[in-house]
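Worksheet: the structure to be examined is printed underneath.
Whatever order the structure lists them in is the order used to number ligands and atoms, beginning at 1.
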Amino acid sequence: MTVRKNPVLVSDKAHAEALLEKYDNFLFDCDGVIWLDEKLIPGVLKTIEYLESKGKKFAFVTNNSSKSREAYVAKFLSLGFKGITRDRIFPTCFAAVQALQNVYNIQPNSKVWVLGDSGIEEELREEGYIPVGGTDKRLDQPFHPDHELLVVDPEVAAVIVGSTKEFNYMRIASTLQYLLYKNKSIPFIGANIDRSYPGPNGLILPAGGSVVNYMHYTADREFLNVGKPSKVFLDGILATHNYDRSRTLMVGDTLYTDIKFGNDGELGNGSGSLLVLTGGTKPNDLHQLLSNPHHYEGGESLIPSYVIESLGTLGELLS
Ligand SMILES: O=C(O)[C@H](O)[C@H](O)COP(=O)(O)O
Ligand SMILES: [Mg+2]
């Protein structure tokens with residue numbers, strides 16, 4: 001087990017330059033690091049442009065499954081980022097479809113039941129799967145036991161659950177039918193384990209993990225988490241871009257997903273995780289963790305190698 005030291009606070013130019021020296025590749029979490037829903041976090045764009053000007057490589061890794069890679073390209077563009085291509089964006093709707101192929105060997109043209117937003121549906125269609133459930137308007141109707149979508153379609157081969165703001169009884173009840181079907185044998189893929197995420201106006205909002213765990217509890221079934229901190233997810237990203245693990249840094253705002261992802265994945269030879277304080281983790285959360293890491297599930301694997309006020313601060317210190 002790696003014994004982790006207290007994180008280095010990146011608060012001056014020398015610290016920031018040392019980071020630049022040490023890492024060639026940067027993996028950026030999105031919610032709480034790049035933006036708060038539709039609001040860009042100040043200074044982020046400048047930092048990324050600066051890193052790019054120094055020849056650094058980067059990719060975006062988000063547990064948010066609501067948007068497809070294509071939709072994220074449009075979001076980046078609308079927020080002023082130039083040239084962010086879809087091969088550098090890794091949302092968990094994409095990871096879920098990869099798991100269908102690589103873990104469960106589910107063939108194209110199969111139907112997949114979705115509890116989640118259009119991101120999952122779009123990524124499924126792209127690989128030739130047929131999404132059912134999801135954003136189907138009939139699921140917005142009040143619950144009724146005779147509802148046509150409560151009758152199981154025997155062609156459904158898997159269930160994917162992710163974040164959605166359209167969580168209602170019809171969606172829960174219809175998804176449950178598939179999770180129980182065939183003696184609970186249909187694969188159950190969860191897009192993430194996030195309890196909450198930082199929204200605009202200082203709001204902390206329910207995230208996809210609450211939806212996934214609701215279904216886990218009601219169906220009394222385990223699920224495959226395809227999101228951070230999954231090692232399979234990380235290895236796939238590193239392989240796609242040929243990133244050297246020892247020269248890669250994960251930048252995130254959540255200890256049990258982002259920081260654990262970087263630490264368990266041995267990024268930066270075991271010191272490849274940078275926590276920003278613009279999202280869900282506040283200085284006091286970090287102090288509590290450092291004073292008693294074994295009180296937390298994940299223990300020392302939650303301790304970041306570095307901490308910085310915000311991703312914007314990194315650019316300010318460097319320029
Ligand atoms: O399900 C969600 O809503 C996501 O878990 C949440 O938005 C976190 O996304 P990330 O911080 O990984 O971008
Ligand atoms: Mg985040």
Report task. If you have a sec, work out which protein heavy atom is nearest atom 4 (C) of ligand 1 and how many Å separate them, to one decimal? Result ->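 The protein heavy atom lying closest is Asn192 ND2, 3.7 Å.
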Report task. Would you mind checking which non-hydrogen protein atom is closest to atom 10 (P) of ligand 1, with the distance to 0.1 Å? Result ->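 Atom 10 (P) of ligand 1 sits closest to the protein heavy atom Asp29 OD1, 2.8 Å.
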Requested in this report: Inspect the surroundings of CD in Gln177 and state if more than 12 heavy atoms from other residues, nucleotides or ligands are less than 6.0 Å away.
Outcome: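 Count over threshold, so yes.
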Query raised in the report: Between Asp31 and ligand 1, which part of the residue brings a heavy atom under 4.0 Å of the ligand: side chain, backbone, both or neither?
Result: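 It is both backbone and side chain that touch ligand 1.
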Requested in this report: For Arg88 and Gly83, indicate whether the former's side chain and the latter's backbone hold a donor-acceptor pair under 3.5 Å.
Outcome: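 Between the backbone of Gly83 and the side chain of Arg88 there is a qualifying donor-acceptor contact (under 3.5 Å).
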**Report entry** Asn25 side-chain N/O to Lys57 backbone N/O, donor-acceptor pair under 3.5 Å
**Finding:**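 No; judged by distance alone, with no hydrogens or angles, the pair does not exist.
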Which of the numbered atoms in ligand 1 are under 4.0 angstrom from any heavy atom belonging to [X]?
X	result
Ser163	1 (O), 2 (C), 3 (O)
Cys30	13 (O)
Tyr197	3 (O), 6 (C), 7 (O)
Thr62	9 (O), 10 (P), 12 (O), 13 (O)

Query raised in the report: In this structure, which one of Arg69, Lys67, Arg86 forms a salt bridge (charged side-chain N to carboxylate O under 4.0 Å, His left out) with Glu123?
Result: Arg69
Report task. Sort by chain and number the protein N/O/S atoms that are closer than 2.8 Å to the Mg ion (ligand 2), and list them. Result ->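 Correct list: Asp29 OD2, Asp31 O, Asp253 OD1.
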**Report entry** Aromatic ring pairing Tyr178/Tyr181, orientation class (parallel under 30°, perpendicular over 60°, tilted between)
**Finding:** perpendicular
Requested in this report: Anything under 30° is parallel, anything over 60° is perpendicular, the rest tilted; go ahead and classify Phe167 against Tyr214.
Outcome: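 The arrangement is perpendicular - the two ring planes meet at more than 60°.
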Query raised in the report: Is any N or O atom of Gly208, backbone or side chain, closer than 3.5 Å to an N or O atom of ligand 1?
Result: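 Checking ligand 1 against Gly208, an N or O pair does fall under 3.5 Å apart.
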Query raised in the report: Do the ring centers of Phe26 and Phe58 come within less than 6.0 Å of each other?
Result: no
Query raised in the report: Is it true that Lys282 and Asp285 make a salt bridge, defined as a side-chain N closer than 4.0 Å to a carboxylate O?
Result: no
Query raised in the report: Salt bridge check: are Lys165 and Asp117 linked by an N-O gap of less than 4.0 Å?
Result: no
